[in-house]
Amino acid sequence: MFYRHKVGKNVVHVCVGLSCALAGSDHLMEKLEHHLGIKEGQTTADGEYTLLEAECLAACNAAPVAQVNLRYFERVDLERPEETLLGTSSEKEVTP
């Protein structure tokens, strides 16, 4: 995939297709935005993470779905997504 702007070392895609939306992908995106201290489409100041929407990650039966670089995550825990997707605890939140 080609990006038209510089992205972080780790690119996090959150599926926003219909199945994922119904399963709470908007809540997932909000939690990740809060944890990383950025909005969708932005990169953390340290260049570690870029957070993007994905129209469909082709795993509707396992919604909500996210992708970090080339690794897929199905049925992402909506309460603690940072632990699953970023390998960190919510206690280590990045402050904007």
Side-chain angles (χ1 to χ4, degrees):
M1 180 179 291
F2 295 101
Y3 296 101
R4 297 179 69 166
H5 60 285
K6 186 175 179 180
V7 295
K9 179 179 174 186
N10 298 290
V11 180
V12 180
H13 287 98
V14 175
C15 182
V16 295
L18 181 59
S19 295
C20 287
L22 292 173
S25 64
D26 57 336
H27 183 67
L28 173 59
M29 182 66 81
E30 288 173 7
K31 294 285 277 194
L32 291 172
E33 286 176 339
H34 178 72
H35 179 80
L36 293 171
I38 59 174
K39 295 291 184 188
E40 188 277 327
Q42 296 180 333
T43 300
T44 57
D46 62 3
E48 192 67 24
Y49 293 99
T50 298
L51 185 59
L52 300 170
E53 290 184 347
E55 189 54 44
C56 182
L57 291 175
C60 300
N61 61 319
V65 179
Q67 179 183 1
V68 180
N69 298 327
L70 298 177
R71 187 168 177 203
Y72 278 74
F73 295 87
E74 299 176 339
R75 296 179 183 88
V76 177
D77 180 0
L78 296 177
E79 294 307 312
R80 294 180 308 282
E82 64 281 349
E83 292 177 11
T84 304
L85 300 176
L86 310 177
T88 62
S89 170
S90 58
E91 297 171 4
K92 299 178 184 176
E93 288 186 37
V94 176
T95 55

**Student:** Can you give me the closest heavy-atom contact between C20 and V65, atom names plus distance?
**Tutor:** SG-N, 3.4 Å

**Student:** Using modelled atom types and a 3.5 Å cut-off, is there a donor and acceptor pairing between side-chain atoms of N69 and backbone atoms of R71?
**Tutor:** no

**Student:** Looking only at atom types and distance, does a side-chain atom of K31 sit under 3.5 Å from a main-chain N or O of E82, one as donor and one as acceptor?
**Tutor:** no

**Student:** Give the intermediate values and the outcome of side-chain contact (heavy atoms from CB on, under 4.5 Å) for residues N10 and E48.
**Tutor:** CA-CA 6 Å; N10 298 290; E48 192 67 24; 2.9 Å; yes

**Student:** Less than 4.5 Å apart, side chain to side chain, heavy atoms only: is that true for L51 and M29?
**Tutor:** yes

**Student:** Looking at every heavy atom in both S19 and A63, which two are closest together, and how far apart are they?
**Tutor:** O-CB, 3.6 Å

**Student:** Could you give the distance from NE2 (H35) to CZ (R80), rounded to the nearest 0.5 Å?
**Tutor:** 13.0 Å

**Student:** Looking at side-chain heavy atoms only, is the closest gap between E30 and H34 below 4.5 Å?
**Tutor:** no

**Student:** For Y49 and I38, which heavy atoms make the closest approach, and how far apart are they?
**Tutor:** O-CD1, 4.1 Å

**Student:** Answer with yes or no whether the hydrophobic clustering places F73 together with L36; edges join I, L, V, M, F, W, Y residues whose side-chain heavy atoms lie under 4.5 Å apart.
**Tutor:** yes

**Student:** How close do C15 and E55 get, counting heavy atoms only, and between which atoms?
**Tutor:** SG-O, 4.1 Å

**Student:** What are the two closest non-hydrogen atoms of P64 and L28, and how far apart are they?
**Tutor:** CB-CD2, 4.4 Å

**Student:** Could you state the interatomic distance from CG (D26) to CD (E40), rounded to the nearest 0.5 Å?
**Tutor:** 13.0 Å

**Student:** Is a side-chain donor or acceptor of T50 paired with a backbone partner of V11 at a separation under 3.5 angstrom?
**Tutor:** no

**Student:** Can you see which heavy atom on P81 is nearest to which on V76, and at what distance?
**Tutor:** CB-CG1, 3.9 Å

